[in-house]
Amino acid sequence: MTVEFGTASASPGERARGYWDATTLPTGTPERLPVVVVNGSEAGPTAWLTAGVHGDEVTGVAAAQDACAALDPDSLVGCVVCLPCVNPAGLRQTERTSYYHGDDPNRHFPDPASDSSRPPRVQERIAWRLYEAFVGKGEAPRADLLVDLHTAQVGSMPFTIRDRVLYGSQRDEEAAHALADDLERLADAITLPVVTEFEAVEYTERNLQRSLAGSALNAAGIPACTVELGSRSVVEEGNRAAGVAGVCRALVAFEMLESVPEKVETAAPDVEAPVDYPVRRYVGPHAETVGIARHRVAAGDVVESGTVVADVVAPTGEHRASVTVDREGYVLARQGGVAVYENDPLASLAVRDEGELVVSRSGRE
Ligand SMILES: [Zn+2]
């Protein structure tokens, strides 16, 4: 079957490139999102691959481009639909957000359980159009799996975020467990350290169910992960290669590829979690003392309760406080910037997770 998306049209066994119009700009041209469709010679599942939702997260963009280039349509079962640059306005300016109206473009995807009476602005309209596309309401087939490539903070280690699977109004508990099994298969296949999202209440407070992968997972029931590939603004070669390999390994896990292309496999660095227990995201510890941060930890360091994460010094350099963490885990990244205001977090951590992957949306059992 020929797969079409925007101006890209690929017959079985073909790779096609083109553009998909997301909106029309006030100055008269469409905002075109670049598209690559790799259509396998044999019919099968559809994987959607997205990157650059945050415009400055360029290692993800490069990894998506290179993953598409590495795939041979003749050895692919099913189809890959890739949007390597979901936020071209952000990419043009090396900015996280688009300049349409500055708010986070990765918090506008649909969540049927959180109605808003506020009329949607253009960024939200684009998110909804993209959602309709990957759930199969447009020309291209619905995603059977989705990988959304991002980057985190300066110097951060690469990792895969696995969202909580919510049950309640959208699906019952049994369906949530079946979806969670597929999600675990996807997250594990990518072979980067897996970090579960914040606990359910913080997850929805932060509106993460309205991220691209969060919405694909929790609104549409598609196994979907967010992959974080290091720093922003410049392409980090090792993390790019890890991202390409992660995408190919996901395709192997979903029986779309027999094996990862050898060139991709040899280029990929081994990235292992420094602890062997389940972890979740935690932004902290927080500083009570204001001043200038001097970190004592770096990405990949293991921490335990009492580990000093950073000192806070006066602007003139004298020591004011040492900030310790109250749980165990490891450092994903130091917080960017050194100015510490009241209650500012100092790091992004992966901490021991006692919670369940499948949780009730309301937070009650
Ligand atoms: Zn991002």
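Whatever order the structure lists ligands and atoms in, that order sets their numbers, starting from 1. In what follows, residues are counted from 1 in the order of the sequence shown.
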Report summary line: Separation between CD (Glu304) and CZ (Arg352), nearest 0.5 Å, reads 11.5 Å

Query raised in the report: Would you say Asn39 and Pro73 make side-chain contact, with heavy atoms under 4.5 Å?
Result: no

Report summary line: Interatomic distance, CG@Leu192 vs CD@Glu272, rounded to 0.5 Å, equals 11.0 Å

Report task. Take the Zn ion (ligand 1) and tell me which protein N, O or S atoms are nearer than 2.8 Å. Result -> His54 ND1, Glu57 OE1, Glu57 OE2, His150 ND1

Query raised in the report: Taking the six-membered ring of Phe254, is NZ or CZ of Arg185 closer than 6.0 Å to its centre and within 45° of its axis?
Result: yes

Report summary line: Sorted by chain and number, sequence neighbours left out, side-chain hydrogen bond (donor to acceptor under 3.5 Å, both in side chains) with Asp72 holds for none

Query - Student check: side-chain heavy atoms of Ser211 and Asp163 closer than 4.5 Å - result: yes

